[in-house]
Structures are given as structure tokens and as C-alpha cells.
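Working notes, structure below.
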Amino acid sequence: MYDNPNLERNVAQQDTKISARNVQVFYGDTHAIKDVNIEIPARTVTAFIGPSGCGKSTFLRCLNRMNDTIDICRVEGDINLDGENIYDKRVDPVQLRAKVGMVFQKPNPFPKSIYDNIAYGPRIHGLAKNKADLDEIVEKALRRGAIWNEVKDRLHAPGTGLSGGQQQRLCIARAVATEPEVLLMDEPCSALDPIATSQVEELIDELRDQYSVVIVTHSMQQAARVSQKTAFFHLGNLVEFGDTGQIFTNPQDSRTESYITGRIG
Amino acid sequence: MPLLWLVLIVLALGVVGYGLGRHKAMTSADGDVRHLHSLPVYYGTNVSLFVVVPALLVMVAWLIVQPIVINNSVAADIPASAIPESSTLGLVMSDVRRVADGLDLAVTQGALTSAEASGLQAGVSDVRAILADVGVALGSDVSATTLSAAQEYRAMASTANLAMTALVLGLAIAGFVYAYGRTNKDFRARNVVEKAIRAILIVAASIAILTTVGIVLSLVFNTIEFFKLYPAADFFFGTTWSPSFGGGSELGVLPLLWGTLYISVIALAVAVPIGLFAAIYLSEYAGPKARGIAKPLIEVLAGIPTIVYGLFALLTVGPLLVNVFGSGGALGVDWMSGASSVTTAGLVMGIMLIPFVSSLSDDIINAVPQSMRDGSLGLGATKSETVKQVVLPAALPGIVGAVLLAASRAIGETMIVVLGAGAAARLSMNPLEAMTTVTAKIVSQLTGDADFASPEALVAFALGMTLFVMTLGLNVLALVIVRKYREQYE
């Protein structure tokens with residue numbers, strides 16, 4: 001049932017990048033995330049799967065405190081990034097988000113030129129010493145976003161003029177340009193056609209060398225293709241978390257099995 | 001028959017037609033709605049429309065045309081010798097109408113029978129006294145010509161009224177017969193009613209457009225009239241504004257345009273930053289509670305009549321400025337002699353424009369998709385960086401549109417200027433001096449005992465035209481920019 005089930009993935013035992021302990025999330029009176037414990041390893045692609053409304057995107061947004069922008073949202077429990085609690089009062093969410101980048105479901109390039117889209121993060125964080133430095137950062141990011149060849153001749157054209165798949169790769173390049181340690185992706189391929197999807201998936205695989213990638217996806221094939229670790233969420237609970245090969249071939253929980261075989265969700 | 005009764009009868013016929021039409025449709029379908037082409041309501045409405053609409057339209061047209069026709073035919077019968085030397089045909093005709101109306105009134109009040117009213121003769125009976133008894137005061141005794149013209153007027157009017165009543169009722173009945181006859185279960189009543197509704201909507205839209213065209217045309221014709229009397233070059237390039245109704249006035253528009261622009265610039269300098277910052281606070285920073293309170297409060301400013309702003313300028317802001325900049329003031333300088341000045345009017349007008357700018361900008365900033373903000377925040381940008389570098393640039397075209405709309409408001413503003421800026425037309429750079437604007441001068445040229453054929457009065461239309469062209473240009477520019485902005489996220 002999978003395109004290319006690679007069961008023999010080499011998942012080297014690595015340090016934990018993010019660990020969550022007893023995380024609860026409330027939207028007003030709704031208990032959206034119930035008691036989630038998870039350890040996300042460094043330099044690995046971790047996929048969150050589960051039916052719509054199961055809380056996987058909500059949990060993803062907890063990891064860089066994007067939920068802070070929603071007034072009625074309340075988070076309890078500990079989420080540690082490199083051993084430091086990101087919900088501690090001393091942590092500045094702005095600095096945290098520079099370390100934990102995010103790519104959204106719908107491509108959202110700023111209404112600026114391609115160059116300025118990429119240069120946006122480096123500029124506000126002062127990563128470039130001069131113009132030449134910035135040019136180099138932009139080029140590197142666009143190359144890593146696998147879009148350099150398509151846009152190198154029109155860096156000053158508006159980013160909104162690109163096709164959907166190009167826009168999404170531009171957004172990934174934009175996130176990469178700020179040199180984050182973790183990259184969160186919220187259904188990055190849901191608005192893309194199969195060709196653009198495979199380009200983005202290849203890109204995710206390459207990004208694994210340097211970053212921890214967490215990807216939310218509705219496509220189980222995609223989770224199987226790109227991730228080494230998979231977490232299955234259901235009704236706000238983390239039902240099962242383990243190596244991707246194991247989750248898809250030998251799930252421990254009956255709900256996971258029902259979901260991946262298409263009986264629920 | 002009085003008009004009210006005629007209208008009521010036609011409407012009653014319409015109601016009856018509704019019931020009958022509906023009933024006939026239902027009967028033809030054997031009481032089963034599913035056999036009808038349209039819902040029963042449409043059959044009823046169709047019949048009432050055919051009864052009411054043509055009848056009332058003809059009535060309105062008749063009422064507009066009838067006085068003109070009667071007036072002309074009566075006026076043709078008045079010999080030129082009967083018009084007194086100091087008078088005109090128009091004045092005599094208004095006397096005739098007054099006498100005719102007075103006689104009608106006398107008949108309805110019972111002071112005269114209708115036979116007596118038509119048999120009155122000047123010299124025999126004192127018409128003036130009879131009419132004074134029923135409350136119609138006449139300036140002089142009624143001459144024989146006037147009385148006979150008035151009698152003719154009355155006769156024609158009553159014949160015409162009778163004809164109109166007959167025609168309107170006839171049309172209503174004809175409409176009923178036609179529509180009722182067509183009603184059966186296969187008749188497409190809904191399509192007819194839908195067409196009628198579309199016609200109503202088109203009429204409403206055309207009234208607005210035609211009115212604009214009418215206003216523009218009246219401006220254009222009077223402006224042309226003005227330029228026949230006064231050279232256009234002197235008007236557009238003259239630097240002196242000194243109208244005198246005795247003749248020899250200089251009517252250069254430049255000092256007025258300068259005052260208008262100067263005051264508008266000051267007003268915008270006040271309104272744009274304050275309004276924009278208020279909008280940013282409301283849309284980006286304020287919680288729902290603060291927003292719920294602050295937004296209506298700011299919009300209260302928009303509900304204050306401009307004359308009240310004018311009083312505020314005259315009585316509060318002006319004296320306050322004099323206390324600072326006038327002789328013996330806080331600064332110890334003598335830059336300002338009176339309370340009226342460009343700054344006074346500009347500041348108050350700026351306050352008036354704040355809700356304009358803030359409300360429009362707030363809507364525009366809210367229209368920037370949340371995903372833009374998320375994208376920026378997700379890259380580790382702070383809130384103010386996000387607002388400054390992503391939200392405002394995205395909203396900029398819309399904000400420019402809002403500012404241009406505010407500018408055209410400022411250029412057209414009158415009351416604040418009349419009370420706050422003074423009446424002296426001058427070309428000066430000093431913002432603490434009194435100046436005046438185009439709008440204020442239009443008011444002063446048209447108030448008072450002006451002869452409407454003189455250039456001093458007609459110049460008001462040329463000024464109005466100038467102003468109209470300016471604000472129209474700004475509005476078009478604003479619309480173009482706003483439209484461009486709309487396309488950006490689709």
C-alpha cells in the first residue's frame with residue numbers, strides 16, 4: 001500500500017531535540033491536546049499523522065509558541081528545546097521562533113520581491129554584515145530550497161507571481177534562511193500538485209542533514225516516504241509514537257491500525 | 001376628485017387584483033400549487049403590478065406636464081398691454097395662479113359656490129376682499145385681465161383633472177383586464193415579476209446617476225455663462241481676489257486654491273499619522289474588548305456636525321493658538337493677530353478626518369491575510385517588525401486610497417473654514433494668518449442680494465466646477481488605487 005516502504009531505515013540513536021511532558025492545550029473550554037508526551041530526535045524527520053481535528057497542527061504550533069497569537073489558547077505542561085523549557089517566562093517567543101522556523105499549509109510569500117522575501121529573516125535578525133553577505137545568504141537559502149535555478153534570473157520579481165509549488169519552496173527557503181535548528185511544517189504539500197509535492201519531499205529529505213524537521217501531513221504515503229519517526233494523534237491524544245517502519249507495518253495500538261488501514265479518519 | 005383618493009382607489013384596485021389573480025391561477029390549477037408554473041404569489045403580484053404601475057406612472061407624468069401646458073396656454077392669452085411697466089409676464093402669471101388657487105380655496109371653504117366663483121367679475125365684486133376672507137392675501141386689486149385669465153386657468157385645470165382621473169382609472173382597469181386575462185396555470189408570472197423587480201432596481205440606480213449628471217450640467221452651463229463675462233485666463237491665473245458688486249472686481253482663483261490646499265495639507269498632516277496609528281493599534285494590538293470600546297468612540301467623531309467643529313475652532317482652538325503665538329502669548333512672539341488662521345482650521349479639520357482615515361485603514365489592515373502575519377512571526381519577527389515590514393506594505397495601496405478620500409473630504413469642507421480660517425483671500429506662507437478657501441467663497445458669493453447675472457455671483461459656479469474637478473480627480477485616483485489593491489490577494 002505504500003509507494004516505497006523503506007523498512008530498513010537507518011535511524012541512528014540521536015540526542016533528543018524537543019521533549020514534551022504532559023502537554024495540555026485548551027481553546028477556551030475545549031480540551032484540544034490531552035497529556036501528550038513525546039521526544040523528537042535531532043536531525044530526523046518526524047511526521048505527525050491523524051484524522052482532521054485530532055490536534056496535530058495545534059501541537060505543532062505549540063513547539064514554536066505560535067499559539068501565543070491566539071487569545072483564547074492556553075498551554076500547560078513542559079516543552080523543552082535542548083533541555084530548556086520554552087514556556088518559561090524568561091524565554092522570548094521571538095527568539096524562540098528564530099530557532100524554530102515554520103512553514104505553513106498555504107504558501108504565504110510576502111507581497112515583496114523574491115529576494116526580499118528570503119532576506120526578510122536575515123535582515124531582522126542582523127545575520128548579514130553587508131550587501132554581499134546578504135546576497136550570499138539569499139543564494140544559499142534558495143539553493144537549499146531547490147528553487148534557485150528557477151528564480152535566479154528574476155530575484156526582484158514579486159514572490160506572489162510564482163506558481164504554487166514554487167511559492168511553497170520559496171517559503172521553505174525563507175524559513176531556512178534564518179538558520180533555524182528545527183523546522184516545523186504544517187501540511188506543506190496540501191496545496192501542491194504531485195510534481196511540486198515530490199520536489200518538496202526531496203527537499204525535506206535533504207534538510208534532514210542539518211535540521212530536525214517536524215511535518216504534519218494527511219497523506220500516510222507522504223509520512224511513510226519522508227519520515228523516520230511517526231506520531232499518530234487521535235482526538236487530542238498521542239496514541240502511538242515510534243519508528244515509521246514499525247508504525248506502518250506493526251502498529252501496537254488498534255486505533256493506529258484502523259487509521260492506517262483506512263477504517264477510521 | 002382629490003389626488004389622494006385617486007391614488008387610494010388605484011392601490012385598492014391593485015389589492016383586489018392581487019387576490020383575484022391569485023385565485024384565478026389556483027382555480028386553473030385545480031387548487032394544486034404543483035401544477036402552476038410559478039408560486040401563487042407571483043400571479044397575484046403580476047396582476048397588481050399591471051393595475052398600479054402604468055396608472056401611477058401616467059398620473060405622475062400628467063401632474064408634471066399639466067401645469068406647464070396650462071400655464072403656457074393661459075399666458076398666450078394675456079395681451080402684452082396688460083403687463084404693467086415695472087412687471088414681467090412671469091409676475092403676472094404668478095398673480096393669476098394665486099387668484100385661481102384662492103378661488104378654489106374659497107369654493108372648498110364654502111365662501112363661494114362654484115357657480116359664483118366662475119361668474120365673478122372684476123369691478124362688480126371685490127375679489128380681493130373675498131379672497132382675504134379665506135386667508136389669501138393679494139398685493140393689489142385684481143384687474144379684469146388677471147381675473148379672466150384666472151378663470152380660464154381654473155376651467156382648464158378642472159377639465160384636465162377630470163381627464164386625468166378618467167385616464168388613470170381607465171389604465172388601471174385596462175391593466176387589470178389584460179393581466180387577469182393572461183393568468184392561467186401555464187402563464188410565466190414569475191418571469192414577469194422578476195423583470196419588474198429588475199426595472200425597479202435600474203430606475204433607482206439611474207435616479208442617482210441622472211441627478212449627478214444634472215448637477216454637473218447646471219455647473220457647466222453657469223460656468224460657461226461666467227466665462228462669457230469674465231476672461232478664463234484671469235480667473236485661473238489671477239492672484240487677486242477682490243469681488244465688488246459695483247463692477248471692476250478681480251476674480252483670481254489662485255489665492256483661494258492656495259488657501260484650500262494649505263488648510264487641507266495641515267489637516268492631513270494631523271489626520272493621517274493619528275488616524276493610521278490608531279488603526280494599527282486597533283487592528284493589531286488591541287484586544288477584542290479594547291477594540292469594542294475604542295472603535296465606536298473614535299467613530300463618534302465622524303458623527304459630529306461640521307458646524308460644531310467650526311464652533312470648536314472659533315471658540316476654543318483659535319484663542320488657544322493666540323495665547324501661544326499671539327502678542328503677549330506664552331512664546332512672547334507676535335505672529336498671530338486673530339483667532340482665525342490656516343492652522344486653526346487645519347487642526348480642527350484634521351481632527352474631523354481622524355475617524356475617516358482610521359476606520360478605512362483599519363478595515364484595510366484587517367483585510368491583510370493572517371497567513372502573512374503568521375509567516376513573519378514564524379520567522380522570529382516581532383510584532384512591530386511584522387506590522388512595519390509586512391502588514392503595512394501589503395495594506396499600503398489601500399491606505400493611500402483612504403488618505404486620498406480624506407483629502408477630497410478636506411478640500412470640500414466648508415463650515416470649519418468659514419468659522420475657523422477667516423475670510424481674507426491671500427497668498428501667504430504664514431500658517432498663522434487668516435486665509436480662505438474655495439468653498440467659503442462660494443458661500444459668500446451666493447449669500448445676500450446678488451444679481452445672478454453678474455460675474456460676481458456666477459463665479460461661484462466656476463469655483464464649484466474647479467472644486468468638483470479636483471475632488472473628482474482625487475476620488476478617481478483613490479478608486480483606481482483601491483481596486484488595484486483588491487486584486488492582489490485573489
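Just so we're on the same page: letters track the sequence lines, and every chain starts at 1.
- A 4.5 Å side-chain heavy-atom check between A:Asn108 and B:Pro369 finds every atom pair outside the cut-off.
- Atom CG of A:Asp71 sits about 11.5 Å away from atom NZ of B:Lys289, to the nearest 0.5 Å.
- No more than 12 heavy atoms of other residues, nucleotides or ligands shown are found within 6.0 angstrom of CZ on B:Phe277.
- Most heavy-atom pairs under 4.5 Å with chain B, from the set A:Leu184, A:Leu96, A:Asn64, A:Val94: that is A:Val94.
- Contacts between A:Tyr120 and chain B at a heavy-atom distance below 4.5 Å involve the side chain alone, from C-beta outward.
- Within 6.0 Å of CD on B:Glu299 lie more than 12 heavy atoms contributed by other residues, nucleotides or ligands.
- How far CD of B:Glu385 is from CZ of A:Arg123: 12.5 Å, rounded to the nearest 0.5 Å.
- Only the backbone of A:Pro109 has a heavy atom closer than 4.5 Å to any heavy atom of chain B.
- Other residues, nucleotides and ligands place more than 12 heavy atoms under 6.0 Å from the NZ atom of B:Lys295.
- Proximity to chain B is limited to the side chain of A:Lys112, based on heavy atoms less than 4.5 angstrom apart.
- We find the CZ-OG1 distance between B:Arg373 and A:Thr69 to be 10.5 Å, quoted to the nearest 0.5 Å.
- With values rounded to the nearest 0.5 angstrom, B:Thr382 atom OG1 is found 10.0 Å from A:Arg97 atom CZ.
- Looking at A:Arg61, the atoms closer than 4.5 Å to chain B (heavy atoms on both sides) all sit in the side chain, from C-beta outward.
- For A:Val100, the part lying under 4.5 angstrom from a heavy atom of chain B is the backbone only.
- Under the side chain to side chain contact (heavy atoms under 4.5 Å, CB included) test applied with B:Leu377, the options A:Met102, A:Met66, A:Arg65 reduce to a single match, A:Met66.
- From B:Leu379, atom CG reaches atom CZ of A:Arg174 across 5.5 Å, with rounding to the nearest 0.5 Å.
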